[in-house]
*Asks:* 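Take a look at the following structure, please.
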Amino acid sequence: MNKNTPFIAVCVALLVGLVLPLATGASAPGFYVEVLLGGLMAGVLYSLVALGFALIFKASGVFNFAQGAMVLFAALAVARLAERMPLWAAILVGIVIMTLLAWFIERLVLRPLVNQDPIALFMATLGVTFFLDGFGQTVWGSDIYKIELGMTKEPVLVLQNLFQGGILVNGEDFVAAIVAAALVGGLALFFQYTPTGRALRAVADDHQAAQSIGIPLNRMWVIVWAVAGVVALVAGVIWGSKLGVQFSLSQVALKALPVVILGGFTSVTGAIVGGLIIGVGEKMAEVFLGPVLVKAFDLAGGGIENWFAYVLALVFLLVRPQGLFGEKHIDRV
Amino acid sequence: MSAMENDRAGRIGGQILAVEGVSLAFGGVKALSDVSFDVREHEVRAIIGPNGAGKSSMLNVINGVYHPQKGTIRYQGREYHHMDPHEVAVSGIARTFQSLALFKGMSVLDNIMTGRNLRMRSNILLQALRIGPALREENEHREVVERIIDFLEIQAYRKTPVGRLPYGLQKRVDLARALAMEPKILLLDEPMAGMNIEEKQDMCRFILDVNDEFGTTIVLIEHDMSVVMDISDRVVVLDYGRKIGDGTPDEVRGNQAVIDAYLGVSH
Ligand SMILES: Nc1ncnc2c1ncn2[C@@H]1O[C@H](COP(=O)(O)OP(=O)(O)OP(=O)(O)O)[C@@H](O)[C@H]1O
Ligand SMILES: [Mg+2]
């Protein structure tokens, strides 16, 4: 497979996603940009969840079905704690909770199952999912809770002189996107430039070799699950502040699965790019493809957002199973 | 040559590692059957034998990747039924792999730096902030690693991703990473496989230098008989998981069972 294939694929996807709507009569570019930004915003959150997923898969080879449940659990924790303390303190305590959770998961689930089939570990993370969903309700309750980031939810009009009528942007979304980008950047620096980051990359590259030079696998797993937990927390807080913290968060987070299929399971870049593509793609499809379907086939046209990601993932599984940025797996003999 | 040989013989000390009656099977395949031998401090100990004889399995037993069904491993006066890879590394045994197990996506420098991981003390927060002690520590380790890089003559490839290096150089990086641990014992699984004569000579020189200068005990698997005869002090011969010979290169060369089973078959 050509080295440039991922980039060509991304370009084609972007062309289809970005140019087609324009051609099909989205006559107002301002509206078009609004949809694009909305999609990117949702995409950032998908990227965050998928990032946690990819980190865990890379470092411990575990297909962590519980990533979505971790998002919900963290958001619940922060929402309820914030009723009793300032938000920043609630977030700090939330981070501690997610780190403890990582420690427990390593101790009680990963370590005992370490030499089992991947399917056993996958089943175990299914168990963790249901446990977290239930336990979250037990501890924090099952209503819809709010997280107030203390920013205006009022959309503001910008770029009025560039687009007719201007573009409606949500200030909170904008800050959220910056926070997410800063988190991703910080993690990249951490992995690249610290000894622990280097050790984590080593573990991700080759477990056995890492172990033979004395890198403690167990501790690395705790660290990587804790990092995934913190990433989940950030996603959960941002999402929760938009939609309210409720059970459906865990479902939305499931979109991380198509995202990592698209991006490639072992690729952090893939998780980020995949999240953005799916976020933008499904918004575009909903807004621009929907009406086309209505006109052409007399369909109802709604709900595209719900299935678009999964169909795209399915196509990728058929055409390019390793995803955009994943490596083709070749077994060593 | 003979002066050096004598000098080395004079340095060889007491037993540092011994396996006793080790048996290892995978399902029906008996990889090792009742194998015993010992390793003395500062010596170069070779393990030879035809393909599938159980040589790599033996190293894997020593560094805890495989747990034998029977037998014991004695190391530094203590007896173990099996070893644990992490504890083995902590206690000063390093190894290289037959099929390279480098971190392919990482640079040569990063690969070798991971060998220092065990000696790093600063905690993750200090590291993340890159302040004070963490930074100083990183620099100290970096100095050690630079010396190893000079020693193995791979200065030019410091920043190259390991996956892009030719095979012979990757083998050198593998050795460098193991050396970065400053091990007491170095287990080398076919360090010269796939090399041309010149590369082999370089590698031999490096191995002997490590042995001489740092006093590192070396256990080495090698197929090239002339190399084995040249650099090892004592040789164990395995065949179908059994030990069929053990002694100095000359003794092994004259051993009829070895000639039949090994030299006779494949050469
Ligand atoms: N993980 C494993 N699972 C099953 N069988 C194994 C495993 N490792 C080794 N074996 C078997 O054990 C026997 C000894 O293998 P080993 O790799 O130790 O041989 P070797 O002497 O290193 O051979 P070579 O010179 O080809 O490297 C072989 O029959 C091999 O197939
Ligand atoms: Mg072998």
Side-chain angles (χ1 to χ4, degrees), chain A residues 3 58-59 92 95-96 99 102-103 111 114-115 183 185-224 226-227 230 264 266-269 325-333, chain B residues 59-60 63-65 67 84-107 109-130 134-135 137-138 141-142 161-163 174 177-181 183 187 189:
Chain A
K3 227 177 126 192
K58 238 176 122 73
L92 279 186
I95 289 175
V96 171
T99 308
W103 189 83
R111 198 180 293 192
V114 70
N115 283 322
L183 179 68
L187 282 178
L189 290 176
F190 173 74
F191 282 117
Q192 199 57 42
Y193 293 111
T194 67
T196 303
R198 187 165 52 217
L200 280 168
R201 278 185 289 143
V203 170
D205 214 318
D206 191 324
H207 288 202
Q208 214 192 36
Q211 210 176 20
S212 83
I213 53 174
I215 294 176
L217 288 188
N218 296 323
R219 223 180 73 219
M220 292 298 131
W221 287 341
V222 173
I223 292 174
V224 87
V227 168
V230 171
T266 53
S267 167
V268 168
T269 321
F325 296 90
E327 303 140 27
K328 231 184 197 151
H329 189 72
I330 300 164
D331 274 319
R332 211 192 321 237
V333 280
Chain B
L59 288 198
N60 283 330
N63 99 312
V65 176
H67 294 177
D84 169 86
H86 182 250
E87 278 164 28
V88 164
V90 173
S91 72
I93 300 182
R95 75 169 293 183
T96 66
F97 291 85
Q98 178 171 1
S99 56
L100 283 160
L102 290 163
F103 309 124
K104 295 230 167 37
M106 293 163 54
S107 70
L109 188 61
D110 271 357
N111 263 276
I112 305 174
M113 281 297 279
T114 57
R116 302 297 295 172
N117 198 271
L118 272 178
R119 295 172 188 269
M120 298 200 175
R121 293 280 162 268
S122 61
N123 74 41
I124 188 168
L125 272 180
L126 290 180
Q127 290 175 12
L129 301 171
R130 290 181 74 75
L135 211 52
E137 192 185 29
E138 175 89 356
H141 290 302
R142 177 70 189 268
V162 159
D174 198 4
R177 184 181 63 186
L179 284 180
M181 294 167 65
L187 312 174
D189 197 342

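Lettering follows sequence order; numbering is per chain, from 1.
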*Asks:* Mind checking the CG-CD spacing from B:D84 to A:Q211? Nearest 0.5 Å is all I need.
*Replies:* 7.0 Å
*Asks:* Tell me the closest heavy-atom pair linking B:A101 and A:A209, and the distance in Å.
*Replies:* O-CB, 2.9 Å
*Asks:* Minimum heavy-atom separation for B:M181 to A:S212, with atom names?
*Replies:* CE-O, 3.9 Å
*Asks:* List the atom of A:P216, the atom of B:N117, and the distance in Å for their closest heavy-atom pair.
*Replies:*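 Looking at all heavy atoms of both residues, the closest pair is CD-OD1, 4.3 Å.
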*Asks:* Counting only non-hydrogen atoms closer than 4.5 Å, does B:V65 touch chain A with its backbone (N, CA, C, O), its side chain (CB onward), both, or neither?
*Replies:* side chain
*Asks:* Is B:M113 in contact with chain A via its backbone, its side chain, both, or neither, using a 4.5 Å heavy-atom distance?
*Replies:*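 Both backbone and side chain of B:M113 come within 4.5 Å of chain A.
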*Asks:* What closest approach, in Å, do A:D205 and B:M106 show between heavy atoms, and which atom pair accounts for it?
*Replies:* OD2-N, 4.4 Å
*Asks:* Relative to chain A, which segment of B:D110 carries a heavy atom at a distance below 4.5 Å: side chain, backbone, both, or neither?
*Replies:*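 It is both, since atoms from each part get that close.
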*Asks:* Which atoms of A:A204 are under 4.5 Å from chain B, going by heavy atoms: the side chain, the backbone, both sets, or neither?
*Replies:* neither
*Asks:* For residues B:E138 and A:R198, determine if any side-chain heavy atom of one lies less than 4.5 Å from a side-chain heavy atom of the other.
*Replies:*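 Sidechains of A:R198 and B:E138: in contact.
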*Asks:* Of the non-hydrogen atoms in B:T114 and A:I213, which two are nearest, and what is the gap between them?
*Replies:* OG1-CD1, 3.4 Å
*Asks:* Quick check on A:I223 against chain B: is it the side chain, the backbone, both or neither that has a heavy atom closer than 4.5 Å?
*Replies:* side chain
